[in-house]
Amino acid sequence: MSFETPLMLSSDFEAVVDELWSAFEEIGIEDGYDIVAQATLLLTVRRLDIIYTAAEKKANTTGDPIGNPIFDTDTEHLRWSKLKTTETNRLFSLFETEVLQFVRQRGGTFSDVIFAIPSPSALSRLMDTVDRIPYSDPQTNGAVYEYLISKITTKNSSGGFPTPRHLVDLMVRMVVPRPDDIIADPACGTGGFLVAAANYVRKNHSDLLLDQSRRKHFHEGLFHGFDYDPAFARMCTTNLLLHGVDHPDSRRRDALAAMPDDVGSYSLVLTNPPFNGSVERSALDKDLSRDVKSTTKAPLFVGRSLSLLQAGGRAAIIVPDGVLFGSQKAQVALRATLIRDHKLDAVIKVPPAAYQPFSATQTSILVLTKTGVGGTDRVWFYEIRADGRSLDKKRTPVAENDLPDVLARWKTLSAADSPEVSRTRADQSFFVSREEIAGNSYYLTFDHYRQRVDDVAATRPPGEILAEIKALNAEIDASVAALEAELRT
């Protein structure tokens, strides 16, 4: 079972994207996030012309006028196909003024897009390269953008980094997105969780787009992403658009500030929020600050995820382990809320190397259901020891991979005869009761409840251990006596 959908790339496809990346670096734009931001602008300008060209062909065939045309007589010269034939200096001037303004007027996450390509010759070179990137179906178009994003190998300015795709895939499969869901990611970044959810829904509901109301919900109501960084919100929008979601709701927004229209609006939250940093209390949503008495981002985002959910909504959230064992009142209270007031289904320990080369942070995945009335009888703990890649900075593919086992065991948990019930604390997964967790300051780390091999040995009867020591001593004495006898002969 694969946990990472292979990118639909030919060697030529990869080569042209690599060439584009190198071209950015050679003109002085070297930060990965800056490269993707400027590439996003160019890809957007090109995409608008491609969409409009398709609409023209349809109108010519049917005789019907184009509804809501992207271009008109005043903006016809801003089409990618026209810009390509424009003299270099004039082209650069148009991008600095009219093209940039035209894209900003599209609204949404593009309202504050910037143009940072330094010279006419650089722009001409980059456009020639972008023009050679294939553009066809959503699977290929999305793969282009995913591959572009995958080339980022540094943290962003706020310390964040992409969530590994195989972990995203695991989390999506565990919560099983549905066509009627309303999905949110309050820290969406480049949109990886939302894209994976879109792919999952489309793959598992092949008739989805045949029904008008379901098709409308897929394109306009299913996916919602928020990010404080406008560049990320824009990347999320582009990522979803290129994956075939026509009208994604991706907004520049501080998810820790007041969000009255979004509270209680979503049936599923998938997120890997920022781990580090704090927030000024004055900038926090008052209701969120009341529920989570902390100014640290990690617990606040867990609280925000809960507040966004409808009753019965599900969530899969990556959290740093400090949230799971910290002794501060706010941390203990948050864990108690998860256990007492909602249904915490699972805590899955992730190997720190999963985030290399960006970080070696110890994290866990929380899977939960919002109820408001409790429901946690026991929590399932699992330790991922191998994820299909070497546990070093190189992260080369290896055979060892626990992710299929996580999913297979997860699917048995609701059965009365689940094999997980009989597993011991020395195993890789086990249940812990609500009462035991409550009696341990609501600790939610795998290591706190596991039984190590040396712990098992220490539970043997003292007499048995003493007899074994005597036997070993006797063997040693006999060996020494034999050696002495040999030396005397």
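Heavy-atom basis, side chains included; hydrogens, waters and symmetry copies ignored.
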So, the side chain of T369 versus the backbone of G312: is there a donor-acceptor pair under 3.5 Å, distance only? no
Is the closest side-chain heavy-atom distance between F223 and V195 below 4.5 Å? no
Main-chain N/O of A298 paired with T296 side-chain donor or acceptor, under 3.5 Å: no
If you compare all heavy atoms of Q38 against all heavy atoms of I114, which two are closest, and at what distance to 0.1 Å? NE2-O, 3.2 Å
Roughly how far, to the nearest 0.5 Å, is OG1 of T86 from CG of N89? 11.5 Å
Pair R79, T53: side-chain N/O donor-acceptor within cut-off below 3.5 Å: yes
CA sep, side-chain torsions, deciding dist, call: T88, F92, side chain to side chain contact (heavy atoms under 4.5 Å, CB included): CA-CA 6 Å; T88 302; F92 189 76; 5.9 Å; no
Find out whether L208 and V201 are in side-chain contact, i.e. whether some heavy atom of one side chain is under 4.5 Å from a heavy atom of the other. yes
Less than 4.5 Å apart, any side-chain heavy atom of L194 and any of H243? no
When you measure from the side chain of K297 to the backbone N and O of P274, does any donor-acceptor pair fall under 3.5 Å? no
Among side-chain atoms of T238 and T40, is any donor-acceptor pair under 3.5 angstrom? no
Knowing that exactly one of E98, R90, K82 qualifies, which makes a side chain to side chain donor-acceptor pair (under 3.5 Å) with H77? E98
With a cut-off of 6.0 Å (strictly less than), are more than 12 heavy atoms of other residues, nucleotides or ligands near CD of E87? yes
Quick one: CG on D254 to CG on L284, what's the gap to the nearest 0.5 Å? 8.0 Å
Salt-bridge test for K394 and D392: reply yes if a basic N is under 4.0 Å from a carboxylate O, no otherwise. no
Ion pair check, R251 and D262, cut-off under 4.0 Å: yes
Do the non-hydrogen side-chain atoms of E400 and R385 ever get within less than 4.5 Å of each other? no
Please find the pair of heavy atoms, one from T75 and one from I70, that lie closest to each other, and give the distance. OG1-O, 4.4 Å
May I ask you to check if R252 and Y228 form a cation-pi contact, with NZ or CZ under 6.0 angstrom from the six-membered ring centre and within 45° of the axis? yes
Hey, does the side chain of D341 reach the backbone of G372 with a donor-acceptor pair shorter than 3.5 angstrom? no
With a 4.0 Å cut-off, would you call R304 and D285 a salt bridge? yes
What's the separation between atom CD1 in I133 and atom OG1 in T140, rounded to the nearest 0.5 Å? 12.5 Å
Determine yes or no for a side-chain-to-main-chain donor-acceptor pair under 3.5 angstrom, with R314 supplying the side chain and V176 the backbone. yes
I'd like to know if the side chain of D49 pairs up with that of S81 as donor and acceptor (distance under 3.5 Å, no hydrogens or angles considered). yes
Report yes if some heavy atom in the side chain of W21 is under 4.5 Å from a heavy atom in the side chain of L148; otherwise report no. yes
Which is it for D18 and K151 under the salt bridge (charged side-chain N to carboxylate O under 4.0 Å, His left out) test, yes or no, and what are the steps along the way? CA-CA 9 Å; D18 290 343; K151 292 178 69 63; 3.0 Å; yes
Contact summary for L209 and R215, nearest pair of heavy atoms: O-NH1, 2.6 Å
Over 12 foreign heavy atoms within 6.0 Å of CD, Q212: no
Anything under 30° is parallel, anything over 60° is perpendicular, the rest tilted; go ahead and classify W410 against W380. tilted
When you compare the side chain of P164 with that of Y355, does any pair of heavy atoms fall below 4.5 Å? yes
Side chain Q362, main chain V350, donor-acceptor under 3.5 Å: yes
Please check if the side chain of S364 supplies one atom and the backbone of V319 the other of a donor-acceptor pair under 3.5 Å. no
Can you list the steps and then say if L444 with L344 is a side chain to side chain contact (heavy atoms under 4.5 Å, CB included)? CA-CA 10 Å; L444 291 175; L344 180 61; 3.8 Å; yes
Check: D246 side chain, H219 main-chain N or O, donor-acceptor pair, under 3.5 Å: no
Taking S390 for its side chain and R395 for its backbone only, find out whether a donor-acceptor pair lies under 3.5 Å. yes
Among V172, D169, V175, which residue satisfies the side chain to side chain contact (heavy atoms under 4.5 Å, CB included) criterion with Y200? V172
Taking the basic N atoms (NZ, or NE/NH1/NH2) and the acidic carboxylate oxygens, is any pair closer than 4.0 Å for R234 and D227? no
S124 side chain to P120 main-chain N or O, any donor-acceptor pair under 3.5 Å? no
For Y266 and D185, test the side chains for any donor-to-acceptor distance below 3.5 angstrom and give the result as yes or no. no
Do D128 and R125 meet the salt-bridge criterion of a basic N to acidic O distance under 4.0 Å? no
Between D405 and Y382, does the side chain to side chain contact (heavy atoms under 4.5 Å, CB included) criterion hold? Intermediate values first, please. CA-CA 10 Å; D405 186 61; Y382 190 107; 2.6 Å; yes
Can F24 and E30 be said to form a side chain to side chain contact (heavy atoms under 4.5 Å, CB included), step by step? CA-CA 7 Å; F24 273 109; E30 298 180 343; over 6 Å; no
Would you say that V144 contacts F13 through its side chain, given a criterion of any heavy-atom pair below 4.5 Å between the two side chains? yes
Kindly indicate whether the side chain of H217, heavy atoms from C-beta on, has any atom under 4.5 Å from the side chain of I182. yes
